[in-house]
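One structure is given here, and the rest of the page talks about it.
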Amino acid sequence: MVKIAPSILAADFAKLGEEIRSIESADLLHFDVMDGVFVPNISFGLPVIKCVRRVTELPLDVHLMITSPIHFVERFCDAGADIVTFHVEADSPENIRTALMAVKGRGKRAGLSVKPATPVSALEPFGELLDNILIMSVEPGFGGQHFMDGSLQKIAEAAALVRALGTSCDIEVDGGINRDTARLCIEAGATVLWPGATSSRPPTGTLRSTY
Ligand code: DX5
Ligand code: ZN
């Protein structure tokens with residue numbers, strides 16, 4: 001069963017608790033943390049994760065679009081994140097490996113993401129540490145973009161990598177997800193889809209019933 005993790009980036013933060021309750025039918029909640037340096041946008045950080053943790057039992061899947069995630073991953077774990085995913089482009093290979101191990105050391109799931117221009121092969125050195133791989137199907141930084149069709153090949157490559165590793169690593173896809181692109185992503189091997197909660201009510205039931 002493909003899991004749906006709506007991104008709260010488009011939520012109305014003036015009534016975030018109500019918005020979260022309105023999408024309790026989702027499988028996970030997706031939090032797009034942006035630092036204005038790694039991506040040309042700033043979103044939110046630790047206080048939001050801490051507050052949302054108090055109002056839902058859903059797994060919190062935190063997508064760190066930040067430089068040097070090594071400095072923050074443990075604080076996001078302690079704030080309530082269940083899954084912490086960051087970008088392979090965001091630091092040196094040594095620090096990326098250390099950050100992955102820090103997340104796992106907190107008993108949480110650790111994932112790496114690749115921007116559209118970064119090949120899936122960049123993830124191979126970390127393969128045995130990955131609980132999820134995140135394929136960005138848009139340039140990270142903003143919701144509401146169009147799905148990049150070249151992502152489908154990368155999803156298939158990521159699925160082949162996971163098969164070669166023999167692990168239960170999830171293949172997640174993020175950006176421009178709708179009914180049509182979701183179906184293509186699933187056919188290519190995706191196991192988790194991250195649609196923007198544009199109306200703060202993702203078509204979770206619809207998506208699930210459709211797929
Ligand atoms: C973009 C974020 C995505 C985005 C999804 O940097 O990582 O999660 O919010 O929104 P849509 O589905 O509108 O592309
Ligand atoms: Zn995201």
Side-chain angles (χ1 to χ4, degrees), residues 1-34 43-65 76-77 79-86 103 107-111 113 130-138 140 142-147 151-152 155 158-159 162 168-211:
M1 168 65 92
V2 172
K3 291 171 274 190
I4 304 296
S7 161
I8 68 155
L9 187 62
D12 177 350
F13 282 78
K15 53 177 186 177
L16 186 55
E18 185 185 324
E19 297 265 74
I20 297 288
R21 281 186 289 278
S22 76
I23 54 174
E24 281 287 346
S25 59
D27 297 296
L28 313 88
L29 291 179
H30 172 60
F31 295 81
D32 288 306
V33 177
M34 302 177 185
S43 58
F44 49 78
L46 290 162
V48 170
I49 307 300
K50 284 181 189 152
C51 289
V52 172
R53 182 71 289 169
R54 296 202 315 265
V55 298
T56 182
E57 296 297 316
L58 285 176
L60 307 187
D61 195 341
V62 175
H63 177 195
L64 296 179
M65 288 164 272
F76 276 95
C77 293
D82 298 286
I83 304 166
V84 180
T85 302
F86 40 93
V103 172
K108 309 289 187 172
R109 290 173 64 84
S113 180
L130 300 180
D131 297 309
N132 61 268
I133 290 172
L134 172 56
I135 303 296
M136 287 306 299
S137 38
V138 296
F142 299 91
Q145 301 177 70
H146 288 293
F147 182 86
S151 314
L152 296 173
I155 295 166
V162 171
S168 58
C169 178
D170 271 320
I171 310 287
E172 305 185 339
V173 186
D174 187 12
I177 299 294
N178 57 38
R179 277 198 189 85
D180 299 326
T181 56
R183 187 186 299 274
L184 295 172
C185 292
I186 295 165
E187 288 167 0
T191 59
V192 184
L193 299 176
W194 288 3
T198 41
S199 65
S200 81
R201 289 179 180 279
T204 313
T206 316
L207 265 181
R208 178 180 282 121
S209 61
T210 306
Y211 301 108

>> Checking Phe147 against Val173 for the side chain to side chain contact (heavy atoms under 4.5 Å, CB included) test, could you report, in this order, the C-alpha distance in whole Å, the side-chain angles of both residues, the deciding distance, and whether it holds?
In response: CA-CA 10 Å; Phe147 182 86; Val173 186; 4.2 Å; yes
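- For the residue pair His63 / Asp61, no side-chain donor-acceptor distance below 3.5 Å is found, with atom types taken as modelled.
- Take Asp170 and apply the salt bridge (charged side-chain N to carboxylate O under 4.0 Å, His left out) test, not counting sequence neighbours, and it matches Lys3, Arg109.
- A side chain to side chain contact (heavy atoms under 4.5 Å, CB included) with Ile155 is found for exactly one of Leu184, Ile135, Ile133, Ile186, namely Ile135.
- Looking at Ser137, its side chain never comes within 3.5 Å of a backbone N or O of Ser151 through a donor-acceptor pair.
- Residues satisfying the side chain to side chain donor-acceptor pair (under 3.5 Å) test with Glu187, not counting sequence neighbours, are none.
- Atoms CG and CD1, on Leu193 and Ile4 in that order, are 4.5 Å from each other to the nearest 0.5 Å.
- Nearest heavy-atom pair, Trp194 versus Glu172, reported as atom, atom and distance to 0.1 Å: CZ2-OE1, 2.6 Å.
- Rounding to the nearest 0.5 angstrom, the gap separating the CG atom in Leu58 from the CD1 atom in Ile20 is 8.0 Å.
- Every residue meeting the ring pair (Phe, Tyr, Trp, His ring centres under 6.0 Å) condition with Phe44, not counting sequence neighbours, appears here in chain and number order: Phe13.
- When side chains are defined from C-beta on, Val162 does not count as touching Leu130, because their heavy atoms never get closer than 4.5 Å.
- With sequence neighbours left out, the side chain to side chain donor-acceptor pair (under 3.5 Å) criterion links Arg53 to Asp82.
- Taking 4.5 Å as the limit, some side-chain heavy atom of Val103 sits within range of a side-chain heavy atom of Phe86.
- The shortest heavy-atom contact between Leu16 and Ala11 is CD1-CB, 4.0 Å.
- Proximity of a side-chain donor or acceptor of Asp174 to a complementary backbone N or O of Met136 within less than 3.5 Å is not detected.
- A distance of 11.0 Å separates CD1 of Ile49 from SG of Cys77, quoted to the nearest 0.5 Å.
- Evaluation of the side chain to side chain donor-acceptor pair (under 3.5 Å) rule for Ser43 yields no partner, not counting sequence neighbours.
- Shown here for Pro195 and Ala5, the closest heavy-atom pair between the two residues is CD-O, 3.7 Å.
- Nearest heavy atoms, Ile177 versus Ala182: CG2-CB, 4.0 Å.
- With sequence neighbours excluded, the residues that form a side chain to side chain donor-acceptor pair (under 3.5 Å) with Thr85 are Asn132.
- The one candidate from Val52, Leu28, Ile83, Ile8 that meets the side chain to side chain contact (heavy atoms under 4.5 Å, CB included) condition with Leu60 is Val52.
- Scanning both residues, Gly176 and Val138, for their nearest heavy atoms gives N-CG1, 3.9 Å.
- Atoms CG and OG, on Leu64 and Ser113 in that order, are 10.5 Å from each other to the nearest 0.5 Å.
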